[in-house]
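First comes the structure, then the notes that go with it.
All heavy atoms count here, side chains included; hydrogens, waters and symmetry mates do not. Letters A, B, ... are given to chains in the order of the sequence lines, protein chains preceding strands, and every chain is numbered from 1.
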2 protein chains.
Amino acid sequence: MLQIAGSHNDSKAPGSKQTLWSDFTYRRDNEIFGEAEPADYVYRITSGAVRTFKLLPDGRRQIGALHLPGDIFGIESGDFYRFTAEAIGETRVRIAKQERLFGGDLEASGFSSKELLRLIAGSLERAESHVLLLGRQSAPERVAAFLMEMDRRLRSPKILVLPMRRRDIADYLGLSHETVTRCFSTFRDRGVLGYPDISRREIVLHDRARLAQLAMGRTST
Amino acid sequence: MLQIAGSHNDSKAPGSKQTLWSDFTYRRDNEIFGEAEPADYVYRITSGAVRTFKLLPDGRRQIGALHLPGDIFGIESGDFYRFTAEAIGETRVRIAKQERLFGGDLEASGFSSKELLRLIAGSLERAESHVLLLGRQSAPERVAAFLMEMDRRLRSPKILVLPMRRRDIADYLGLSHETVTRCFSTFRDRGVLGYPDISRREIVLHDRARLAQLAMGRTST
DNA sequence: CGTGGACTTGAAATCCATCAACACAAGTGG
DNA sequence: CCACTTGTGTTGATGGATTTCAAGTCCACG
């Protein structure tokens, strides 16, 4: 299952100390890096989407984050990746070498100390929200919160095009894919969302205020 | 509900630039700091235990972390606390002023940049494990994992004295307190643990290997 | 003693996962 | 182009895990 993927466009201004970068393309469901591998690169998504996840011995999967174009992933303060990363669909990324960020020369990687701290602190905040979601919210609340998040991150487009499958959403929300489907159907039946096309990945949010209510309270009808 | 608590022992070597610190004592269930308050101090527990948590509007509570003697809590890279902190039982803490760590003079607080990064990265790692626990593990697995964690953090004593109530454990694990109780009872019936005393807070782990199995697999009998 | 809080246990109800079947689209190879 | 397969999504039926509701016990503490 070796990874031989896409173009490789090194760019380095001659004679100047500039960040090296390369572009890569990964095909659907291909691994970008594996848990416990040396964390040599940071990634920025040009197009497509990426899931980072952990597996339990028996195959249960928990997705820690879903990354969209513009997002950075693979940042580590330690020496190894703590998640596996896979391309969800055809995905282009730009990679830059990260020197050992933690304990090494912080400036060498092109990240300032404050920048690195900001990125890690952002991950922490998202993980803490995720804990609240998984620990104390019902299935419909989780799905509503997920849709709000995607809507926000994709800049509230008229048509929300989800790049991931139901299974990915389920493993991000700690649910079964059938439950995710059922919540979508319920929201559709209540007029909160609609499918403008045959594709079930394309969604129109008819009532964002109602969706926000659904994300917060058990008492919504 | 104002907080007027305990002794206040400022210490400053005269003429030298030394970290200011004070000791405080909080009584059972008293708030140490509230969510969204300015993050002016960091805390280190001398004795007792502390829970940090978030509340949903309808009162559901998710405990993000349980802090034991020696632990530091209240570290923030931003300007405000993101959790509420309460003393679980009678608790002594030592506090130090944290200058605005993020964007300010990193060194002013007595924390080096690397030290701060290490602390935040540690929080991130714990939050990510917590996500896996809440998203993909069953109730018995969560309780077993909790007991393993407490056993490790309290240095595997003969008698494990839990400082928190069942409800705190439940809100940390995303379960009801009755479910936590039932898991404890099941483990006791199977000989994995025992109560050496009348107090249900004091636990003896008879079979740590078995407990580790229970924490990892659905297939344990 | 009496009261209240923490813990336990049982019974019932609820939510969600699992199992199963089907629809539909997108390949794939003849 | 068609037959076949595969993957994805949907929906229904069922069962199980966990919550909720309801007692009841045992301390701790006034």
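Between Y172(A) and H130(A), the ring-plane angle classifies as tilted under the 30° and 60° cut-offs. Taking the six-membered ring where tryptophan is involved, the planes of F73(A) and Y43(A) are essentially parallel, since the angle between them stays under 30° and well short of 60°.
Listed nucleotides dA25(C), dT11(D), dT8(D) differ in distance to T181(A); the shortest reach to its side chain belongs to dT11(D). Residue E178(A) places its side chain closer to dT11(D) than to any other of dT11(D), dT8(D), dT20(D). Listed nucleotides: dG7(D), dT10(D), dT19(D). Nearest to the side chain of Y195(A): dT10(D). For R165(B), taking side-chain heavy atoms from C-beta onward, the closest of the listed nucleotides dT19(D), dC7(C), dT10(D) is dC7(C). With distances taken from any side-chain atom of S176(A) to the nucleotides dT9(C), dA17(C), dA6(C), the minimum falls on dA17(C). Distance from the side chain of P140(A) is smallest for dC16(C) among the nucleotides dT10(D), dC16(C), dT8(C). When the nucleotides dC16(C), dT19(D), dA25(C) are ranked by their closest atom to the side chain of I198(A), dA25(C) comes out on top. Candidate nucleotides dT9(C), dT8(D), dA17(C) were compared by shortest atom distance to the side chain of S185(B), and dT9(C) ranks first.
The side chain of R200(A) places no N or O atom within less than 4.0 Å of a non-bridging phosphate oxygen (OP1 or OP2) of dT11(D). When the side-chain nitrogen and oxygen atoms of R201(B) are compared with OP1 and OP2 of dC7(C), one or more of them lie within a distance under 4.0 Å.
Atom CZ in R142(B) sits roughly 14 Å away from atom P in dA17(D) (whole-Å rounding). Rounded to whole Å, the distance from CZ on R166(A) to C1' on dC16(C) is 18 Å. Across the protein-nucleic acid pair, D29(A) atom CG and dG27(C) atom P stand 14 Å apart, rounded to whole Å. Taking atom CG of L162(A) as the reference point, atom P of dT10(D) lies 11 Å away to the nearest angstrom. The interatomic distance linking R60(A) (CZ) with dC16(C) (P) rounds to 18 Å, in whole Å. The separation between D171(B) atom CG and dC7(C) atom C1' is 15 Å, rounded to whole Å.
Rounding to the nearest 0.5 Å gives a distance of 12.0 Å between CD1 of I120(B) and CD of E115(B).
Closest non-hydrogen pair, L214(B) versus E141(B), comes out as O-CG, 3.2 Å.
Comparing V180(A) and H177(A), the nucleotide of DNA chain C nearest to each residue sits closer to the 5' end for V180(A). Nearest-nucleotide assignment on DNA chain C puts the 5′-proximal partner with R28(B), out of T179(B) and R28(B).
Residue R167(A) places its CZ atom among 12 or fewer non-hydrogen atoms of other residues, nucleotides or ligands, all under 6.0 Å distant.
Remark: the R182(A) side chain and the dG12(D) base include a donor-acceptor N/O pair separated by less than 3.5 Å.
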